[in-house]
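For the numbers below, each heavy atom of this structure counts, side chains included, while hydrogens, waters and symmetry mates do not.
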Amino acid sequence: MGTKLIQPPIPSPHVAPSIPGRKIMKTHTPISATHHSINKKTTGFSSQHPVWIRPIFSSTIRVAEQSSGNLIGDHEETRRIEEQDPTTVYKSVAQIKSNLYEALQGINRGIFGVTTSKKTEIEELVKLLEAQNPTSDPTLHLDKVSGWWKLVYSTIRILGSKRTKLGLRDFITLGDFLQNIDVAQGKAFNVIKFNARGLNLLNGKLTIEASFKIASESRVNISYNNSTLTPEQLMSMFRKNYDLLLEIFNPEGWLEITYVDDMIRIGRDDKGNIFILERSEEF
């Protein structure tokens, strides 16, 4: 009895010759005509697809040997074509940024800690941006990093006794974290702003000056130069724990610039920290 082919039919140039005792069995789920043109090489997918991509289509073709009652050579050939769900895939850098900014809401730059799930969410989004870095050799294009930046997230933490010693629980509030990169001088200036409650809302800032030298196409080596804390009233409050303050914010070491465009910069340092900064007009 003949075997009836299920649509679509095999084009005539590829029809296999008849072999006695062998039948071809094909099972699949129905698909639209557009799926026949999928090229696995151009889709960019592999068996190690990211966890946010969910397969929604699978087709399996099996060839069986009927004369012996077993599969040919006791082997099964399986071919899977997986198509991503467009509602779960980040399609553009703009969409990744939007999700990243949403994830950063309400966590005060992460300086006083975040939940493990939140940390994981942010780091996964960071990896997605890094994978689409438009400037793979930033130290060869220092105009991309020159100027003022504002910190929006860091994995540096001020917790427990450190936070208590620095008066950051009730008495002193952290303001903006700013950075100015002066390419001409080969220097970076980190500015951490403070507000001291109870002293007519005294405002002050810690300024750390550091020098940087290019180490590779994406890495710079950073050396601490000096620091100042103004006004004097703020210095008197931090004097006892000034070394602790510098220990937390001292940038010395190396920094890998893993992503930079006109608005966002991401870096990873030798201590395993991640820094996310956005362009700022503040001086």
Side-chain angles (χ1 to χ4, degrees), residues 101 104-114 142 145-213 220-255 257 260 263-271 273-283:
Y101 274 109
L104 296 176
Q105 293 299 310
I107 62 171
N108 195 9
R109 293 152 294 189
I111 198 73
F112 298 127
V114 296
L142 287 177
V145 300
S146 180
W148 284 91
W149 299 83
K150 182 168 72 174
L151 185 76
V152 295
Y153 177 77
S154 170
T155 53
I156 288 179
R157 303 287 184 253
I158 304 178
L159 305 171
S161 62
K162 288 184 179 181
R163 185 174 180 182
T164 301
K165 288 179 179 179
L166 294 173
L168 296 175
R169 291 191 181 277
D170 301 307
F171 187 55
I172 298 174
T173 303
L174 286 173
D176 287 337
F177 290 37
L178 302 172
Q179 184 180 70
N180 181 27
I181 297 180
D182 188 327
V183 173
Q185 296 187 59
K187 292 182 178 181
F189 300 87
N190 292 343
V191 179
I192 299 95
K193 294 185 176 182
F194 298 92
N195 298 312
R197 294 189 289 274
L199 294 176
N200 296 321
L201 293 177
L202 175 68
N203 296 321
K205 63 183 179 180
L206 169 67
T207 303
I208 299 176
E209 177 187 309
S211 299
F212 66 85
K213 292 183 179 180
V220 293
N221 291 328
I222 302 171
S223 301
Y224 168 82
N225 292 343
N226 58 71
S227 63
T228 58
L229 185 60
T230 56
E232 181 60 32
Q233 297 97 312
L234 193 61
M235 182 63 188
S236 64
M237 288 186 287
F238 280 113
R239 194 181 307 277
K240 183 179 178 180
N241 295 298
Y242 192 65
D243 289 344
L244 175 59
L245 197 64
L246 290 181
E247 176 188 321
I248 295 170
F249 295 111
N250 186 355
E252 191 161 87
W254 57 254
L255 179 75
I257 304 171
V260 62
M263 296 304 297
I264 289 182
R265 175 163 58 92
I266 299 173
R268 295 176 181 263
D269 70 7
D270 57 309
K271 304 168 190 69
N273 291 309
I274 295 175
F275 304 90
I276 306 174
L277 303 97
E278 64 179 7
R279 276 289 180 188
S280 174
E281 297 299 327
E282 297 186 50
F283 292 86

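- With hydrogens and angles disregarded, no donor-acceptor distance shorter than 3.5 Å links the side chain of S211 to the backbone of S223.
- Between the side chains of R169 and T164, at least one donor-acceptor pair of N or O atoms lies under 3.5 Å.
- Interatomic distance, CG of L229 versus CE of M235, reported as 6.0 Å (0.5 Å rounding).
- A distance-only check finds a donor-acceptor pair linking the side chain of D269 to the backbone of K271 [under 3.5 Å].
- To the nearest 0.5 Å, atom CD of residue E209 and atom CG of residue N226 are 4.5 Å apart.
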Worked verdict on L206 versus F238 for side chain to side chain contact (heavy atoms under 4.5 Å, CB included): CA-CA 10 Å; L206 169 67; F238 280 113; over 6 Å; no
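- When all heavy atoms of A210 and I222 are compared, the closest pair comes out as CB-CG2, 3.7 Å.
- The minimum heavy-atom distance between V114 and Y153, with the atom names listed, is CG2-OH, 4.3 Å.
- Between the side chain of R265 and the backbone N or O of L277, no donor-acceptor pair lies under 3.5 Å.
- The minimum heavy-atom distance linking F194 with L174 is given by the pair CE2-CD2, 3.2 Å.
- Taking each heavy atom of I107 and L104 in turn, the nearest pair found is CG1-O, 3.2 Å.
- Closest approach of G113 and L159 over heavy atoms only: N-CD2, 3.9 Å.
- In this structure, W149 and M263 approach most closely via the heavy-atom pair CZ3-O, 3.9 Å.
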Mind listing the side-chain donor-acceptor pairs of residues 241-250 below 3.5 Å, one per line with the distance, residues two or more places apart or on another chain?
| from | atom 1 | to | atom 2 | distance (Å) |
| --- | --- | --- | --- | --- |
| N241 | ND2 | K165 | O | 3.1 |
| Y242 | OH | S227 | OG | 2.7 |
| N250 | OD1 | E252 | N | 3.1 |

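- Rounding to the nearest 0.5 Å places CD of Q233 at 11.5 Å from CG of N203.
- Judged by distance alone, the side chain of N180 and the main-chain N or O of F189 form no donor-acceptor pair under 3.5 Å.
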